[in-house]
Amino acid sequence: MFQQEVVVSVRNLNHYFGQKSLRSQILFDINLVIKSGEIVILSGPSGSGKTTLLTLIGGLRSVQEGSLKFLDWELHGASNETLVQVRRNIGYIFQAHNLLDFLTARQNVQMSLELHRNISYRKSRLRSEAMLHAVKLGHRINYYPSELSGGQKQRVAIARALVSQPKLVLADEPTAALDSKSGREVVEIMQQLAKEQQCAILMVTHDNRVLDIADKIIHIEDGRLIKEELF
Ligand SMILES: Nc1ncnc2c1ncn2[C@@H]1O[C@H](COP(=O)(O)OP(=O)(O)OP(=O)(O)O)[C@@H](O)[C@H]1O
């Protein structure tokens, strides 16, 4: 068995949007722990605060109140250098896969490794190709995004998110644009790679077909975590 470490720890987190009289509270007293290798699904109605919470955890937005720790880094009051370090340890997968159209599948994956300065071109190329094999795209390495199906593009996005062996993957509706078979394939690949690399996954989804891959499902409503289900 792997020793599970705490990857994300959120304590009494509040968040507000807007200024002065237009200021309104969006997140209320959020408490949450995510451990390595754990797959957590975040569900809730539109506008309940899911994306806001995901972007806070991802170091993409400033923490205003409360504590948010990623590994040993406190994000509340963190410097830009710290946030850059944090982001290097996180893989991001969004609904629109955000691949660059003028780069091949391999180049899209490799680009994310090039943010890590201490890796040679040869090594990054080999690792990117191995990762594309892992997501079952070994036969599409030199294809451009326009030559791939929706499910294949999303698998390239998974390879890109996981190739740097991040401690955490944040996925915002990764199956939303996919038919049920491709959606299922995409989450099963995420699950398998997460368990192999002991990476935690926090996934926002409305897709009932994939709920069973979660170790834990948390529900958010009007900015409050209301229920946690364990599997
Ligand atoms: N930049 C912003 N400025 C002001 N209000 C915002 C901003 N971003 C989000 N909000 C508001 O915060 C609330 C939560 O939004 P958020 O995008 O986190 O919800 P969500 O649960 O991800 O919704 P969906 O499922 O529709 O994507 C909403 O009421 C939204 O209108």
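The shown structure was predicted, so the numbers you read here are calculated from the model rather than taken from an experiment. For ligands, and for the atoms within them, numbers begin at 1 and follow the listed sequence.
Ranking protein heavy atoms by distance to atom 25 (O) of ligand 1, first place goes to Lys50 NZ, 2.8 Å. Scanning the protein for heavy atoms near atom 12 (O) of ligand 1, the closest one is Ile26 CD1, 3.3 Å. Atom 26 (O) of ligand 1 has its closest protein heavy atom at Ser46 OG, 2.6 Å. If you check which protein heavy atom lies closest to atom 1 (N) of ligand 1, you get Phe17 CE2, 3.8 Å.
At a distance under 4.0 Å, no protein heavy atom can be found next to atom 30 (C) of ligand 1. For atom 5 (N) of ligand 1, the nearest protein heavy atom lies closer than 4.0 Å.
Atoms of ligand 1 lying under 4.0 Å from at least one heavy atom of Pro45, given by number and element, are 21 (O). Close approach of ligand 1 to Thr51 (heavy-atom distance below 4.0 Å) involves ligand atoms 17 (O), 18 (O), 20 (P), 22 (O), 27 (O).
Just one of His219, His206, Lys50 meets the side chain to side chain donor-acceptor pair (under 3.5 Å) condition when paired with Ser43; it is His219.
Considering backbone and side-chain atoms alike, Glu173 places every N or O at 3.5 Å or more from each N or O of ligand 1. Between Gly49 and ligand 1, a contact under 3.5 Å exists for at least one N or O pair.
Taking a cutoff of 4.0 Å between a charged side-chain nitrogen and a carboxylate oxygen, Asp29 and Arg11 do not qualify as a salt bridge. Ion pairing between a basic and an acidic side chain is recognised when a charged N comes within 4.0 Å of a carboxylate O; Asp101 and Lys153 show no such pairing. With respect to Asp222 and Arg224, no salt bridge is recorded, no charged nitrogen being found less than 4.0 Å from a carboxylate O.
Listed by first and then second residue, the side-chain hydrogen bond (donor to acceptor under 3.5 Å, both in side chains) pairs that reach into residues 129-140 are Arg125-Glu129, sequence neighbours excluded.
Nearest heavy atoms, Arg23 versus Glu65: NH2-OE2, 4.5 Å.
The shortest heavy-atom distance from Gly44 to ligand 1 is not under 4.0 Å. At least one heavy atom of Gly47 sits less than 4.0 Å from an atom of ligand 1.
In Thr52, the parts holding a heavy atom less than 4.0 Å from any atom of ligand 1 are both the side chain and the backbone.
Between the side chain of Gln107 and the main chain of Thr104, a donor-acceptor pair closer than 3.5 Å is present.
A donor-acceptor contact closer than 3.5 angstrom is absent between the side chains of Glu81 and Gln85.
In this structure, the side chains of Leu202 and Ile57 come closer than 4.5 Å at one or more pairs of heavy atoms.
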